[in-house]
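Have a look at the structure below before the remarks.
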Amino acid sequence: MAKKLTLDTKYLDGFISSEDLGKTSSDLERAHAYLTERKGPGNEFLGWMDLPEEIDENTVLRIEKAAADLNKISDAIVVIGIGGSYLGARATIDTLVPEAINEKIFFAGYNLSGDYMHRLLDKLKDRDVSIIVISKSGTTTEPAIAFRVVKNFLEEKYGSDGLRNRIVCVTDREKGALRNIADKEGYTSFDISDDIGGRYSVLTPVGLLPMACAGIDIRDLISGAKEQRKDSLDCDLDTNISYKYAAVRNILYHKGKRIEILSSFDNNLHYIDEWWKQLFGESEGKGGRSIFPASCDFSTDLHSMGQLIQQGERDLFETFLIIETAGNRCEIPHDEDNLDNLNYLAGKQIDYVNRKAHEATAEAHFEGGVPNLTVFLPEKSAFSLGCLFYFFEKAAGISGHMFKTNPFDQPGVEAYKQKMFRLLGKPGS
């Protein structure tokens, strides 16, 4: 049986007591009831909760076939989306198949940089290209512009008739601009369920189709999420680490810790951090209250942000994300001259040094007044990432309700859009 995620809280001693955890019980139970009884704010967006168990086998088969079809005719696939429409897939591919990025899988529509788009099209001019475009409405500015530009590029390359088997749309089941385009042109399409918001959509075709194109076993990912869901069904903080993590964050917030840094010691986890930032930032940042989600790539950032974390303002805490079992190994060689005085490490793996860097950092930051906890992934695998995604999703739902806010909407996101539309001269704005 595959190993599970674990949560190490030893460096919370002196910052959080058992009494503190006990005092969260009423808020936890209220938040738990909101989710399980589907009666809380945002209850119309809870489709993600049972998704690992309820995902349709036919949908998985369709995703696998669509990925195989695209791979058969393409040596480059452009995934177009922004926010929750691309971060989960990008995070998973970057972690498990990093070589696929810029070799096989390219991303667009998550920025408005003309330079980026120009360079992307230049890279693709001699490649066989297909598109996965992901947008519920089809009118979100960044991906809509990218889709228009890349689609025009493909039309010039293959002609209009050559696009039908090169474009796959992931969008609303019934309405919206992208749904209309898919139906009119006969493109293969997958539905985005009405009851699953973008930042909770990693286990839907939104995330699974690009992952499958990169060669990731999406069934293993779903299995991991199923396993984590089973451990997230009650309020027992000894077994439900999603709830314990949510409770810890709530306690630290009320003790003045307003910034959380998600720190990892593997550069391939960078986009897991980015996915996490959106999940918690959009879920909790409302009503003048929030924990600001930040991230660091260690040990790199220990030589830039390390000073601030160690001795700066004591308004932050850390969550470390650590993979227990290394994949590829690289041994430190012996050197006869030993001018760098590193022979005491000769014969050891670089990952051994990396693990000691984590242990040292957690201890040093704790002694410097920064409470921290560690989420351990047993290995770098699709199963472990499935566990991790569900762990954080459940924690975000509970944590948002503990903050007495709706963790499933994002009304503030619309403010900049309306002003941008007005400045661009969009009709009706």
Side-chain angles (χ1 to χ4, degrees), residues 1-6 48-68 70-71 77 79 81 84-101 103-105 107 132 134 170 190 196 199-232 241-242 262 264-276 279 321-328 351 375-395:
M1 183 176 179
K3 290 176 65 178
K4 299 180 181 181
L5 302 183
T6 55
W48 58 272
M49 280 184 57
D50 298 323
L51 185 62
E53 293 289 344
E54 295 182 355
I55 191 165
D56 187 329
E57 170 66 12
N58 184 56
T59 299
V60 175
L61 289 171
R62 285 191 63 228
I63 290 170
E64 292 171 334
K65 181 181 185 305
L70 289 176
N71 283 333
I77 297 171
V79 179
S85 294
Y86 97 103
L87 278 172
R90 177 69 187 261
T92 307
I93 297 169
D94 254 17
T95 301
L96 300 181
V97 199
E99 64 274 10
I101 304 295
E103 290 183 10
K104 174 78 173 184
I105 308 295
F107 291 89
I132 299 171
I134 305 165
V170 185
F190 291 87
I196 300 176
R199 60 189 177 275
Y200 291 86
S201 66
V202 64
L203 296 170
T204 73
V206 168
L208 298 178
L209 179 57
M211 293 177 204
C213 288
I216 292 167
D217 189 334
I218 60 174
R219 292 176 184 270
D220 275 357
L221 191 91
I222 294 166
S223 294
K226 282 183 182 179
E227 194 65 32
Q228 193 64 34
R229 176 186 170 277
K230 292 175 186 175
D231 292 337
S232 305
I241 61 173
S242 285
L262 186 68
S264 57
F265 284 75
D266 185 325
N267 64 301
N268 292 133
L269 295 178
H270 174 80
Y271 272 92
I272 296 288
D273 301 347
E274 296 300 309
W275 173 84
W276 170 87
L279 178 67
L321 188 58
I322 301 297
I323 298 171
E324 290 186 271
T325 304
N328 298 317
D351 281 307
V375 179
F376 285 104
L377 284 75
E379 60 187 4
K380 192 181 283 189
S381 68
F383 184 92
S384 286
L385 288 190
C387 292
L388 186 71
F389 286 134
Y390 196 86
F391 162 76
F392 277 136
E393 286 179 346
K394 194 66 177 287

Original post:
How are the rings of Tyr390 and Trp48 set to each other: parallel, tilted or perpendicular (split at 30° and 60°)?
Top reply: tilted
**OP:** Indicate the ring-plane relationship of Phe389 and Trp275, choosing parallel, tilted or perpendicular according to the 30° and 60° boundaries.
**Re:** perpendicular
Subject >> Side-chain (Lys394) to main-chain (Ser232) donor-acceptor, under 3.5 angstrom >> reply: yes
Subject >> Any donor-acceptor N/O pair, Ser381 side chain to Ser384 backbone, under 3.5 Å >> reply: yes
Original post:
Leu377 pairs by side-chain contact (heavy atoms from CB on, under 4.5 Å) with which of Ile272, Leu321, Thr95?
Top reply: Leu321
**OP:** Taking the side chain as every heavy atom from C-beta outward, state whether Gln228 and Leu5 have any atom pair closer than 4.5 Å.
**Re:** yes
[X] and [Y]: which non-hydrogen atoms are nearest, and at how many Å?
X      : Y      : result
Ile93  : Phe107 : CD1-CZ, 4.2 Å
Pro210 : Ile105 : O-CD1, 4.5 Å
Ala66  : Leu209 : CB-CD1, 4.0 Å
Phe265 : Ile322 : CD1-CD1, 3.6 Å
Pro52  : Leu203 : CG-CD1, 4.1 Å

Distance-only donor-acceptor pairs under 3.5 Å for side chains of residues 212-226, two or more places apart:
{"unit_1": "Asp217", "atom_1": "OD1", "unit_2": "Arg219", "atom_2": "N", "d": "3.0"}
{"unit_1": "Asp217", "atom_1": "OD1", "unit_2": "Asp220", "atom_2": "N", "d": "3.3"}
{"unit_1": "Arg219", "atom_1": "NE", "unit_2": "Glu64", "atom_2": "OE2", "d": "2.9"}
{"unit_1": "Arg219", "atom_1": "NH1", "unit_2": "Glu57", "atom_2": "OE1", "d": "3.0"}
{"unit_1": "Arg219", "atom_1": "NH1", "unit_2": "Glu57", "atom_2": "OE2", "d": "3.3"}
{"unit_1": "Arg219", "atom_1": "NH2", "unit_2": "Glu57", "atom_2": "OE2", "d": "2.9"}
{"unit_1": "Arg219", "atom_1": "NH2", "unit_2": "Glu64", "atom_2": "OE1", "d": "3.2"}
{"unit_1": "Ser223", "atom_1": "OG", "unit_2": "Arg219", "atom_2": "O", "d": "3.0"}

